[in-house]
Number of protein chains: 2
Amino acid sequence: MYETYRTSMSKKKYNPTESELEILQILWDKGTATVREVHEVLEQVKDTGYTTTLKIMQIMTEKGLLERNTANRTHIYKPLLSKEKIQEKFLDKMLNGLFKGSENRLIMGALDQKELSPKDIDEIKEYLRQFEK
Amino acid sequence: MYETYRTSMSKKKYNPTESELEILQILWDKGTATVREVHEVLEQVKDTGYTTTLKIMQIMTEKGLLERNTANRTHIYKPLLSKEKIQEKFLDKMLNGLFKGSENRLIMGALDQKELSPKDIDEIKEYLRQFEK
DNA sequence: AATATAATACGAAGATTTTCGTATTGCAAA
DNA sequence: TTTGCAATACGAAAATCTTCGTATTATATT
């Protein structure tokens, strides 16, 4: 009933592609969804066909990024990796790549670009405290 | 003497690929370099052939990512986009993509992952001040 | 029951990126 | 000058990612 091909990808850390990431974000948001549901959100942002979305989600399942319930004719998909996990992975890549040696530029850049709420600011200040000596 | 093909890519914001990014980072570091020099750094990290590096750098020049001085037989390459510009672009992508809605998780994640020096911390604290109303 | 609708499966074409082999040529050393 | 090495040019294969058309089948509608 539940499928999750993971043949030969067990350990290999898998990097979602651009398209896969878009789909993951929709699934994280919804928790669980059918291809149709994902596609309806996707096509508002991107000009793409239904079978394209389907195909990518099928491939993602093969890769072990998604799991699907095939009990009914209309399959229901669920992400296998948490948003937090993937965020961490990408962040790590940035810090050890593009921002290596200028890590705090990433932090300040983020502070610049986003209007953070006073609450966010406080949260960050509080968070900073733990690093002082 | 100086080449920079920019045919038909004038406005199109160009996204460096994974491999291109690796090369850019070496060039930002060195300021200017030959293919050989770039390749010698690259192959310490990655199993790759000389002509592969050459080819990619040639393509990058066509794309307008690099400029090369062909006065001598051994060409000298230089990045055309600043590290800061690209950093900003990627950061922007993260904030509007993966981290949309949880922007401060990016900041806190960055604080976690890197051991920031006390100097960095102070800098960030100082920087934060400007956002408090 | 017949027909229409909607879903999956799947192969293959397209597009992009990456890798590599080979040809050509400049330059230095013998 | 001849030989050998190092550099570029370039095409094409390989690999990966994306898109799409078509076939098949389950479910709903009439």
Side-chain angles (χ1 to χ4, degrees), chain A residues 1-5 7-9 12-26 32-43 45-78 97, chain B residues 1-5 7-9 12-26 32-43 45-78 97:
Chain A
M1 233 42 115
Y2 274 92
E3 293 182 45
T4 318
Y5 317 70
T7 341
S8 85
M9 79 131 266
K12 187 187 292 171
K13 55 153 191 197
Y14 184 67
N15 267 4
T17 67
E18 221 32 58
S19 297
E20 290 172 345
L21 217 41
E22 290 173 324
I23 289 173
L24 276 174
Q25 291 183 56
I26 295 169
T32 245
T34 65
V35 174
R36 175 69 51 193
E37 289 165 340
V38 168
H39 183 247
E40 256 153 24
V41 175
L42 202 52
E43 70 179 344
V45 178
K46 194 184 183 181
D47 181 32
T48 185
Y50 174 81
T51 54
T52 300
T53 304
L54 167 67
K55 181 67 163 184
I56 294 179
M57 288 177 71
Q58 286 172 342
I59 291 174
M60 289 172 78
T61 305
E62 281 174 18
K63 288 179 175 173
L65 286 173
L66 304 182
E67 166 180 276
R68 86 218 288 210
N69 181 330
T70 58
N72 300 304
R73 178 161 136 77
T74 302
H75 301 346
I76 297 181
Y77 290 78
K78 195 179 78 165
Chain B
M1 230 44 110
Y2 274 93
E3 293 181 44
T4 318
Y5 318 69
T7 339
S8 85
M9 78 130 266
K12 185 188 295 172
K13 56 153 188 195
Y14 185 66
N15 266 8
T17 66
E18 217 39 52
S19 297
E20 290 172 345
L21 217 42
E22 290 172 325
I23 289 173
L24 276 174
Q25 290 181 59
I26 295 169
T32 246
T34 65
V35 174
R36 176 66 54 192
E37 289 165 341
V38 169
H39 183 248
E40 256 153 23
V41 176
L42 203 52
E43 70 179 342
V45 179
K46 192 185 186 181
D47 182 31
T48 185
Y50 174 82
T51 55
T52 300
T53 304
L54 168 66
K55 180 67 162 184
I56 294 179
M57 289 177 70
Q58 286 171 341
I59 291 173
M60 289 172 78
T61 305
E62 281 174 18
K63 287 179 175 173
L65 286 173
L66 304 182
E67 166 180 275
R68 83 216 291 209
N69 181 330
T70 58
N72 300 303
R73 179 161 136 75
T74 303
H75 302 347
I76 297 181
Y77 290 78
K78 195 178 79 166

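Where A:Ile59 and A:Asn72 meet DNA chain D, the nucleotide closest to each residue was compared, and A:Ile59 sits on the side nearer the 5' end. Nearer to the 5' terminus of DNA chain D, by closest-nucleotide assignment, is the contact made by B:Ile76 (compared with the other of A:Thr17 and B:Ile76). Nucleotides of DNA chain C nearest to A:His75 and B:Glu18 differ in position, and the one nearer the 5' end is that of A:His75.
Following rounding to the nearest Å, A:Ile56 (CD1) and C:dC10 (P) show an atom-to-atom distance of 17 Å. In this structure, the CD atom of A:Glu22 is 14 Å from the P atom of D:dC17, given to the nearest Å. Nucleotide D:dT19 holds its P atom 10 Å from the NE2 atom of A:His39, rounded to whole Å. When the P atom of C:dG11 is taken as reference, atom CD of A:Glu62 falls 11 Å away, rounded to whole Å. Spacing between atom CE of B:Met57 and atom P of C:dT18 amounts to 15 Å, rounded to whole angstrom units. The CG atom of A:Leu42 sits 12 Å away from the P atom of D:dC20 (whole-angstrom rounding). A:Tyr77 places its OH atom 6 Å from the P atom of C:dA9, with the value rounded to the nearest Å. One interatomic measurement links the two molecules: NZ of B:Lys46 to P of C:dT19, which rounds to 5 Å at whole-angstrom precision.
Note on A:Arg68: a side-chain N or O is less than 4.0 Å away from OP1 or OP2 of C:dA9. Between C:dA9 and A:Gln58, a contact under 4.0 Å exists linking OP1 or OP2 to a side-chain N or O.
Of the residues in residues 47-55 of chain B, those lying under 4.0 Å from DNA chain D by heavy-atom distance are B:Tyr50, B:Thr51, B:Leu54, B:Lys55.
Here A:Thr32 pairs with A:Ile76, A:Lys78 under the side-chain contact (heavy atoms from CB on, under 4.5 Å) rule; sequence neighbours left out.
At the heavy-atom level, B:Glu20 lies nowhere under 4.0 Å from the strands shown.
By the 4.5 Å heavy-atom criterion applied to side chains, A:Tyr77 and A:Gln58 are counted as neighbours.
Between B:His75 and B:Asn72, the closest heavy-atom pair is ND1-O, 3.3 Å.
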In residues 16-26 of chain B, what donor-acceptor pairs under 3.5 Å come from side-chain atoms, sequence neighbours left out?
residue : atom : partner : partner atom : Å
B:Thr17 : OG1  : B:Glu20 : N            : 3.3
B:Ser19 : OG   : B:Lys46 : NZ           : 3.4
B:Glu20 : OE1  : B:Tyr14 : OH           : 3.3
B:Glu20 : OE1  : B:Thr17 : N            : 2.9
B:Glu20 : OE2  : B:Lys63 : NZ           : 2.7
B:Glu22 : OE1  : B:Lys46 : NZ           : 2.9

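The distance from the CE atom of A:Met57 to the CG atom of A:Leu65 is 11.0 Å, given to the nearest 0.5 Å. Note that the CZ atom of A:Arg73 and the OG1 atom of A:Thr34 stand 12.0 Å from one another [nearest 0.5 Å].
Side chain A:Arg73 to base C:dA6: a donor-acceptor pair is found below 3.5 Å.
Judged by distance alone, with hydrogens and angles left aside, the side-chain atoms of B:His39 form a donor-acceptor pair with the main-chain N or O of B:Thr48 at under 3.5 Å.
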